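First comes the structure, then the notes that go with it.
Note that this is a predicted model, so its numbers are computed, not measured. Order of the sequence lines sets the chain letters (A, B, ...), proteins ahead of strands, with each chain counted from 1. No hydrogens, no waters, no symmetry mates; every other heavy atom, side chains included, goes into these values.
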There are 2 protein chains.
Amino acid sequence: MVRKPTSKESARKPNMREAILAAAEELFATNGFNAVSVRDIAQAAGANPGSVTYHFKTKDGLLLEIYRRHCGPMNLRRSELLAAAKRVRDLQDRLEAIVRAYVVPAFTSGSDLAGGGARFTRLRAVMSAEGNEVARKIIAQTFDDTSHAFIDAIHESLPHIPRTDIVWRSHFLLGALYYSLVTPDRVSRLSRGEADGSDPANAIEQLVQATVAAFQAPPLDQAASARRRPVVSNKT
Amino acid sequence: MVRKPTSKESARKPNMREAILAAAEELFATNGFNAVSVRDIAQAAGANPGSVTYHFKTKDGLLLEIYRRHCGPMNLRRSELLAAAKRVRDLQDRLEAIVRAYVVPAFTSGSDLAGGGARFTRLRAVMSAEGNEVARKIIAQTFDDTSHAFIDAIHESLPHIPRTDIVWRSHFLLGALYYSLVTPDRVSRLSRGEADGSDPANAIEQLVQATVAAFQAPPLDQAASARRRPVVSNKT
DNA sequence: ATGTGATTTGTACTATCGTACAAAAGATCA
DNA sequence: TGATCTTTTGTACGATAGTACAAATCACAT
């Protein structure tokens, strides 16, 4: 009989299941899915390999549970911030608030906080790069709603920009966001130590500032693309 | 091109070595390094697993050779385009030309062309996400020069923007570029079929337009960051 | 045609992978 | 305490990984 935890959760270690999830999250996010073995995860969590099988059945199941754990709270948080942002009167300020609502939850460093977090965002970036099938399915059915909500909100504050352009630019935003979390050291290196790529507050401000300007760029209509004949044409 | 094919080069198939390189490039770029086995590569190239060992010694050696093959020509191409871009008089046009010089070689679809190409760029994106050690070493010592050259050029056409900001924004550009090549289908999906994320010409124009605007955004100085107190502060 | 060196094949070895499963240990409550 | 359920451990199995290596095969100068 499956009983709900009556008074308190019991385990020899504080919570082995959580430890495994945290370890897997960290290892997957930094090394990718295939490079990390179940034994690696177990060792990092101070657990036995068999425990992973017991709690999550398979390695895919473990990844699935990581997504399940984060997706709900993260989208909730984003919805709240988006709703607040949409109440901003000034259109320019509203656009910035919307972008901030999208970016900030992705950078939060709270490890206890279930929703969002830089580690989970980085995990998603790596999984998307690896074309992970488990992640791909979840992403499409969980994040597209949120993405559409943000795109619509941005579109409302920039009515003269075609929706297509906004989609492209929000795609670029996500790419920039991902990459900032994947290789923050590159920023420090290229700036010769003048900037700290690992500082989330820094990254957020830079990203918001650059992205708002990108969204406000003139639309890419026929006239514009006809005006600028490319120096180097691409193979069609 | 016609060297002496005397006693040095010969193979039963047109060129098995090339076939293996091409197959590995394709598989690594779409599935990551660890998800692809040497046997997968051999099969895709119509070769025997032993052939891979013969030509490249190890799996790492194969990846290394892929980078070696592409890095030189790609950087050369970029240098040429950058030099041409720097000769543009008008500062606004010059900035766009510089960005284009950076972006265009990364999207070229020529498979015979050794320099650059979308496939190799995507490969780099995936390797960077996976934190691949072989790739990391090569990248740092091969691409940083080029990156600095572009950053300097952009800085010259935007003298009032601090170099730090330019580094961040060019970092975002690379992230957006990578992500566009990794998951082009997402653009098609989110735009509900109105845009084709797989069309390189389209991606280039959108990326150039958005990036130029991002570079031209006002600098992120003390005044700006003080003015906008964040809605949600991040853990320091 | 034949010898020679370059390439390809076939196979085998060892390590490690994900996972299954029985036994041990811990927790819970009559 | 003893019965029962949950969790952890230890171990093993089949599959597959990267790589080594000898034999077979090919291209070509002689």
Given atom [atom1] of [X] and atom [atom2] of [N], what is their separation to the nearest angstrom?
X	N	atom1	atom2	answer
His55(A)	dA20(C)	NE2	C1'	16 Å
Leu27(A)	dG18(C)	CG	P	12 Å
Asn15(A)	dG26(C)	CG	P	18 Å
Gln43(A)	dC17(C)	CD	P	11 Å
Met16(B)	dT25(D)	CE	P	16 Å
Leu62(A)	dT19(C)	CG	C1'	14 Å
Asn34(B)	dA15(C)	CG	P	20 Å

Presence of [X] side-chain N/O under 4.0 Å of [N] phosphate oxygens OP1/OP2:
X	N	result
Asn48(A)	dT8(D)	no
Ser37(A)	dC17(C)	yes
Tyr54(A)	dT7(D)	yes

By the 4.0 Å heavy-atom rule, please label Arg17(A) as base, sugar-phosphate, or nothing.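 Touches nothing.
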Glu25(A) and His70(A): side chain to side chain donor-acceptor pair (under 3.5 Å), yes or no, with the steps? CA-CA 11 Å; Glu25(A) 206 177 299; His70(A) 283 294; 3.0 Å; yes
Take Arg39(B) and Lys57(A), find for each the nucleotide of DNA chain C with the closest heavy atom, and name the residue whose nucleotide sits nearer the 5' end. Arg39(B)
Return the 5'-most residue of the pair Thr53(A), Asp40(A) with respect to DNA chain C, ranking by each residue's nearest nucleotide.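 Final value for this comparison: Asp40(A).
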Using the benzene-type ring in the case of Trp, are the ring centres of Tyr178(B) and Tyr178(A) under 6.0 Å apart? no
Less than 6.0 angstrom separating the ring centers of Tyr179(A) and Phe172(B), yes or no? no
How far apart are the C-alpha atoms of His171(A) and Gln206(B), what are their side-chain angles, what is the distance that settles it, and do they pass the side chain to side chain donor-acceptor pair (under 3.5 Å) test? CA-CA 11 Å; His171(A) 190 69; Gln206(B) 289 283 358; over 6 Å; no
If you assign Lys59(B) and Gly50(B) each to the DNA chain D nucleotide with the nearest heavy atom, which residue ends up on the more 5' nucleotide? Lys59(B)
Would you call the rings of Phe150(A) and Tyr102(A) parallel, tilted or perpendicular, taking 30° and 60° as the class edges? perpendicular
